[in-house]
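Written below as structure tokens is the structure these notes are about.
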2 protein chains.
Amino acid sequence: MARRNQHSKEELRAMAIEALADLVEREGVDNFSVRQIAGKLGYTPGMLYHLFVNLDDLILHLNAQTLDALNARIDQAAGHGDPMAVLKAMAFEYLRLAREHTALWQLVFSHRMANQAPVPDWYVDRTRHMFEQVEVQLKDWVPAADQRQRQVMARTLWGSVHGICLLHVENKLNVAGDVAPEAMLESLLDHYLSSCAREGEK
Amino acid sequence: MARRNQHSKEELRAMAIEALADLVEREGVDNFSVRQIAGKLGYTPGMLYHLFVNLDDLILHLNAQTLDALNARIDQAAGHGDPMAVLKAMAFEYLRLAREHTALWQLVFSHRMANQAPVPDWYVDRTRHMFEQVEVQLKDWVPAADQRQRQVMARTLWGSVHGICLLHVENKLNVAGDVAPEAMLESLLDHYLSSCAREGEK
DNA sequence: CACGGTATTGAACACCGTTCATTAATGTTG
DNA sequence: CAACATTAATGAACGGTGTTCAATACCGTG
């Protein structure tokens, strides 16, 4: 009962991540198990522990993949246009992924490390990337602001964008007449950024 | 082994909610179980199912209690001052609860109904209350805006406040130099609200 | 005191993540 | 080609989970 397949360890890792992604997208954020993942691959549960240190580790790898997709979209949006247009495009890409791959997106932001194991660097790097891209745009938008101020603005803005997308995705907004999340992102960026710019001028 | 205590069903329900609250605050959002809750009360697990339809139901009741505390603070903040000051006070109260009772606050916003059982009305009412209080303030702040616009603004603003508090509480902000969440809330409200007011004037 | 009603039990069920000695297939050597 | 060493994979076990439900032990009433 050994070496039934000719897959390399790296191939198997990729297959396991893909199996988990499939499962999550099909059945929802909290409806998967080690046994189901292994089953999809045609293996027994224990085998997965030769590929990943535990389930958290596997989830982390899938989340990294999702963050890569998110960053790719954001980088693409950064391409051209004035900062306002670029930041809007970025926010809309953020929302688009949250919409089109809701469960994967939720997994990224809802997953908490079970043990208090520290989040690995290669994971933190991917989340930092987003904030940096926002800061780059703010450098153009409010040239008068110093780095510290831009840091506050970038976090404020992106925390806000995140909150809006989150409430939408979790259906926590359908109290008393729903509002399209696009309208909310538009409102946020228009008003927040225009006021920041005005302050920078004076 | 029956009727060992003289507690009414309603008393027992309150005790169970309190036991869960204790457990969550002490051990974290995802570190409790039916058996632990029952143990704290000196009962067996099965007994809890005569008080609540299931664990989700119990959690929902605790969350309602937390939302009541949140609403009480927000109502108190609504007392006096100009809308800008009141909204800032509200946002800071939101953050304060998130800080002081992090686990309870997380439980409110991280809990997803296991079965797709609909969220009961008495729960939705409590979340609506918050948005309504924000809208009331906006009525004073941007009198020119119609109800629809205020609805968008209230959701945009409160979704943003929520996002900022969330990222803080989940420690997702300590990438590259941390920023105090107070500064972020201040930045958000100052800029977003001042721009909204300006647009209302013209 | 006996009875009926009910509050509570405790065992069972089907799952969960994780560990690890054992097994079976491979690659290597004599 | 046979014997051995290596390693991929197993499968059983452990201690946990939420939930159900027949049986039970207690209580107030008649």
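Scope of the values below: all heavy atoms of this structure, side chains included, with no hydrogens, waters or symmetry mates.
- Among residues two or more places apart in sequence or in another chain, the side-chain contact (heavy atoms from CB on, under 4.5 Å) test is passed with A/Q133 by A/I74, A/D75, A/A78, A/M90, A/H129.
- A distance of 6.0 Å separates CD of B/Q147 from CZ of B/R150, quoted to the nearest 0.5 Å.
- Taking atom CG on B/L48 and atom P on D/dG18, their separation rounds to 10 Å, with Å as the unit.
- Comparing C/dG10, C/dT18, D/dG18 by their nearest atom to the side chain of B/Y49 picks out D/dG18.
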Look for any protein N or O under 3.5 Å of an N or O in nucleotides 12-16 of chain C and output each such pair with its distance, or none.
{"from": "C/dC16", "atom 1": "OP1", "to": "A/S33", "atom 2": "OG", "distance (Å)": "2.8"}

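- Between the NE2 atom of B/H111 and the P atom of D/dG18 there is a distance of 11 Å, rounded to whole Å.
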Residues 63-70 of chain B side chain polar contacts: donor-acceptor under 3.5 Å, at least two apart:
{"from": "B/N63", "atom 1": "OD1", "to": "B/V108", "atom 2": "N", "distance (Å)": "3.4"}
{"from": "B/N63", "atom 1": "ND2", "to": "B/L107", "atom 2": "O", "distance (Å)": "3.4"}
{"from": "B/T66", "atom 1": "OG1", "to": "B/L62", "atom 2": "O", "distance (Å)": "3.1"}
{"from": "B/D68", "atom 1": "OD1", "to": "B/R126", "atom 2": "NE", "distance (Å)": "2.8"}
{"from": "B/D68", "atom 1": "OD2", "to": "B/R126", "atom 2": "NE", "distance (Å)": "3.3"}
{"from": "B/D68", "atom 1": "OD2", "to": "B/R126", "atom 2": "NH2", "distance (Å)": "3.2"}

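- Atom CE of B/M47 is separated from atom P of C/dA11 by 19 Å (rounded to the nearest Å).
- Side-chain atoms of B/R35 do not come within 3.5 Å of backbone N or O of B/P45 as any donor-acceptor pair.
- For A/H101, there are no ring-ring contact (aromatic ring centres under 6.0 Å, His included) partners two or more places apart in sequence or in a different chain.
- Residue A/E11 contributes atom CD, which lies 11 Å from atom P of D/dA9 at whole-angstrom precision.
- When heavy atoms are screened at a 4.0 angstrom cut-off, A/L12 is found touching the sugar-phosphate backbone but no base atom.
- Atom OH in B/Y43 sits roughly 13 Å away from atom C1' in C/dT6 (whole-Å rounding).
- Within the structure, every pair that satisfies the salt bridge (charged side-chain N to carboxylate O under 4.0 Å, His left out) test and touches residues 183-192 of chain B, not counting sequence neighbours, is listed here: B/K88-B/E186, B/K88-B/D190.
- Note that the two end axes of the helix from C/dC1-D/dG30 to C/dG30-D/dC1 enclose an angle of 30°, each drawn from 5 base pairs, rounded to 10 degrees.
- Rounding to whole angstrom units, CG of residue B/D30 and C1' of D/dG16 are separated by 15 Å.
- Between B/H50 atom NE2 and C/dG10 atom C1' the separation is 12 Å, expressed in whole Å.
- Atom P of nucleotide C/dA7 and atom CG of B/L51 are separated by 10 Å, given to the nearest angstrom.
- Comparing atom distances between the A/P45 side chain and each of C/dT9, D/dT10, C/dT18 picks out C/dT18 as nearest.
- For B/W158, the ring-ring contact (aromatic ring centres under 6.0 Å, His included) partners two or more places apart in sequence, or in a different chain, are B/Y94.
- Annotation: ring-ring contact (aromatic ring centres under 6.0 Å, His included) contacts of B/Y192 (sequence neighbours excluded): A/H191.
- For residues 50-80 of chain A, the ring-ring contact (aromatic ring centres under 6.0 Å, His included) pairs, not counting sequence neighbours, are A/F52-A/H61, A/H61-A/W122.
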